[in-house]
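Along the sequence shown, residues carry numbers from 1.
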Amino acid sequence: MCTSVMYQNAEGNWFLARTMDFSFELGGRPVVIPRNFHFKSDATEAGFDTKLGFAGAGRDLKGYILVDGVNEAGVGAATLYFDGLAKFAEHNEATKTNLAPHEVINWILGNVASVADLKAKINHVNIVAIANELFKMIVPLHWIVADKTGACVVLEQDENGMKVMDDPVKVMTNSPDFQWHLKNLNNYVQLKATSHSSKKYGEFESDAYGLGSGALGLPGDYTSVSRFVRAAFIRQNTEKAATTSGAINALSHILNSVEIPKGVKADNEGGCDYTQYRGYMDLDEGAYYMQPYDDQTITRVVLIPELLNASEPSEYPLQTEQQFHSVN
């Protein structure tokens, strides 16, 4: 389970951010994949090649798997769970690039220079129903992809094939499908940042107790449906920060509203989903920021030439205990 949002600061720069909500410990850390890298693939012995360098959250599992990130062309992308609806191809296609679902982010960030470029290339990709070795299952995924112009799309592959849908809300969560989430927003047209006016009931005039009544009815639970509505409302009404650092700070506050603490979203087998990290992608600068659950300090990695032209990927460890700025 995850939530993703786009945000634009007052300078006109665009950012993509996400929470990674999962019960299985992913162990992700900031990773930089250099230009012209060859990936092994679970779909084909030949694997696939990339051209663009990128940074994101990932892990080396007999080959690097990233679940979100930003590339040097200003494209950001993230995987989100699409349980019960995702359906992938049963067989490879000789004329296409064949990928397992968990390899799609690597291909997008390594080969796509814009959302328009993605739309032109995605029909040449065949996503095959192949299990992820770590999870021992075919991971049901859909994807949000954005670029530094503010363009944003959602990719969903179901029983009717691949859909590439423009995302006017610039928010995405999990199942149901994206079009369902858009229609569901029609149930919340009463939400607003300002308070509702007083209302008469017979001879009695009711008035709100303080500010905030405009958000009455905003769902507060952790379902994907409620997180979509909550993220859309808060993103829409959060003021534009003046700087890049202000934008990351604003996104941190936006994602606070959908972050899942450990223990409050449990399953029937004793596990629980929680927000393992928050990732922030500066699409203008080509920088990736990662904020893990155990340490709210934000780690920043920039796509500098030394990393882009390296012969091997670069990894950066994260702290496993909260860090503090001590003043005495």
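- With D295 as reference, Q322 is the one residue of Q319, Q322, Q323 to meet the side-chain hydrogen bond (donor to acceptor under 3.5 Å, both in side chains) rule.
- No option in Y188, F82, F228 other than F228 meets the ring-ring contact (aromatic ring centres under 6.0 Å, His included) test with H181.
- Atoms OG1 and CG, from T50 and N36 in turn, are 7.0 Å apart once rounded to the nearest 0.5 Å.
- Of the possible donor and acceptor atoms, one in the side chain of N106 sits under 3.5 Å from a partner among the backbone N and O of Y64.
- Heavy atoms from other residues, nucleotides or ligands lying under 6.0 Å from CD of E205 number more than 12.
- When atom types are taken as modelled, the side chain of H124 and the backbone of T95 share no donor-acceptor pair closer than 3.5 angstrom.
- Side-chain contact check for K170 versus Q8: every heavy-atom pair is 4.5 Å or farther apart.
- To the nearest 0.5 Å, atom CG of residue D166 and atom NZ of residue K119 are 3.5 Å apart.
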Step by step, work out the side chain to side chain contact (heavy atoms under 4.5 Å, CB included) result for H91 and N98. CA-CA 9 Å; H91 306 286; N98 295 287; over 6 Å; no

Could you walk me through whether H142 and M172 satisfy the side chain to side chain contact (heavy atoms under 4.5 Å, CB included) test, starting with their C-alpha distance in whole Å, then the side-chain angles of each, then the deciding distance to 0.1 Å, before giving a yes or no? CA-CA 10 Å; H142 58 177; M172 193 56 215; 3.1 Å; yes

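- Nearest heavy-atom pair, A242 versus A10, reported as atom, atom and distance to 0.1 Å: CA-CB, 4.0 Å.
- The heavy-atom pair separating A57 from M290 by the smallest distance is CB-CE, 3.9 Å.
- In this structure, the side chain of S175 engages the main chain of D83 through a donor-acceptor pair within 3.5 Å.
- Sorted by first and then second residue, the pairs that involve residues 48-63 and meet salt bridge (Lys or Arg N to Asp or Glu O under 4.0 Å), not counting sequence neighbours, are K62-E133.
- Residues passing the side-chain hydrogen bond (donor to acceptor under 3.5 Å, both in side chains) test with N249 are H253, sequence neighbours excluded.
- V115 and V112 fall within the same hydrophobic cluster, where Ile, Leu, Val, Met, Phe, Trp and Tyr residues are linked whenever their side-chain heavy atoms come under 4.5 Å apart, directly or through other members.
- Put simply, CG on L182 and CG on D167 are 7.0 Å apart, with the number rounded to the nearest 0.5 Å.
- Taking all atoms of both residues into account, the shortest heavy-atom contact from A310 to P34 is O-CB, 3.2 Å.
- If you take CD1 on I260 and CG on D273, they are separated by 6.0 Å, rounding to the nearest 0.5 Å.
- In this view, E11 satisfies the salt bridge (Lys or Arg N to Asp or Glu O under 4.0 Å) rule with no residue, not counting sequence neighbours.
- Residues S4 and I144 come closest through the heavy atom pair OG-CG2, 3.6 Å.
- Between the side chain of Y293 and the main chain of K262, a donor-acceptor pair closer than 3.5 Å is present.
- Of the possible polar contacts, one joining the R230 side chain to the P219 backbone as a donor-acceptor pair under 3.5 Å is found.
- With hydrogens and angles disregarded, a donor-acceptor distance shorter than 3.5 Å links the side chain of T79 to the backbone of V67.
- A distance-only check finds no donor-acceptor pair linking the side chain of D284 to the backbone of G74 [under 3.5 Å].
- Residues L141 and M137 share a single hydrophobic cluster, defined by chaining ILVMFWY side chains whose heavy atoms lie under 4.5 Å apart.
- Looking at V258 and T19, their side chains come closer than 4.5 Å, going by heavy atoms from C-beta outward.
- Between V145 and I108, some side-chain heavy-atom pair lies under the 4.5 Å cut-off.
- Put simply, the side chain of L66 reaches to within 4.5 Å of the side chain of I33, judged on heavy atoms.
- Under a 3.5 Å cut-off, the side chain of T275 and the backbone N or O of E259 do not form any donor-acceptor pair.
- Taking CG from L185 and CH2 from W180, the interatomic distance works out to 9.5 Å, rounded to the nearest 0.5 Å.
- Separating the CD1 atom in I65 from the CG atom in N132 is a distance of 5.0 Å, to the nearest 0.5 Å.
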Might you work through the side chain to side chain contact (heavy atoms under 4.5 Å, CB included) test for F178 and E156, ending with a clear yes or no? CA-CA 8 Å; F178 178 59; E156 290 182 345; 3.5 Å; yes

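- By the 4.5 Å heavy-atom criterion applied to side chains, D282 and R300 are not counted as neighbours.
- For T3 and R227, the side-chain atoms include at least one donor-acceptor pair closer than 3.5 Å.
- Atom CD of E159 has 12 or fewer heavy atoms from other residues, nucleotides or ligands within 6.0 Å.
- Contact annotation: the side chain of D42 approaches that of H102 to within less than 4.5 Å [non-hydrogen atoms, C-beta and beyond].
- One side chain, S226 or D221, offers a donor N or O that lies under 3.5 Å from an acceptor on the other.
- Counting heavy-atom neighbours within 6.0 Å of E25 CD, excluding the residue itself, gives a total above 12.
- Exactly one of I298, V70, T299, V302 qualifies for a side-chain contact (heavy atoms from CB on, under 4.5 Å) with Y289. That residue is I298.
- Contact between P140 and F88 at its shortest, heavy atoms only, is CA-CE1, 4.4 Å.
- Nearest heavy-atom pair across C272 and A266 is CB-CA, 3.7 Å.
- Within 6.0 Å of atom NZ in K40, 12 or fewer heavy atoms from other residues, nucleotides or ligands are found, so the atom counts as exposed in its surroundings.
- W107 and V128 fall into different hydrophobic clusters, where Ile, Leu, Val, Met, Phe, Trp and Tyr side chains are chained together by heavy-atom contacts under 4.5 Å.
- Using a distance-only test at 3.5 Å, with no hydrogens or angles considered, no donor-acceptor pair links the side chain of N71 to the main chain of F54.
- Counting non-hydrogen atoms of neighbouring residues, nucleotides and ligands closer than 6.0 angstrom, the NZ atom of K121 exceeds 12 such neighbours.
- With R235 contributing its side chain and M6 its backbone, the two residues share a donor-acceptor pair below 3.5 Å.
- Between D177 and D158, the closest side-chain pair of non-hydrogen atoms is not below 4.5 Å.
- Salt-bridge formation is detected for the pair R29/E315: a Lys NZ or Arg NE/NH1/NH2 atom is positioned less than 4.0 Å from an Asp or Glu carboxylate oxygen.
- Side-chain contact between F15 and T244: present, with at least one pair of heavy atoms (C-beta onward) separated by less than 4.5 Å.
- Note on Y288: it does not cluster hydrophobically with V32, by side-chain heavy-atom contacts below 4.5 Å among ILVMFWY residues.
- Residues D21 and Y81 have side chains that never bring a donor and an acceptor to within less than 3.5 angstrom of each other.
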Y280 vs L255, test: side chain to side chain contact (heavy atoms under 4.5 Å, CB included). Steps then yes/no. CA-CA 10 Å; Y280 311 97; L255 294 185; 3.9 Å; yes

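- Residues L61 and I138 are members of one and the same hydrophobic cluster, defined by side-chain heavy-atom contacts under 4.5 angstrom among Ile, Leu, Val, Met, Phe, Trp and Tyr.
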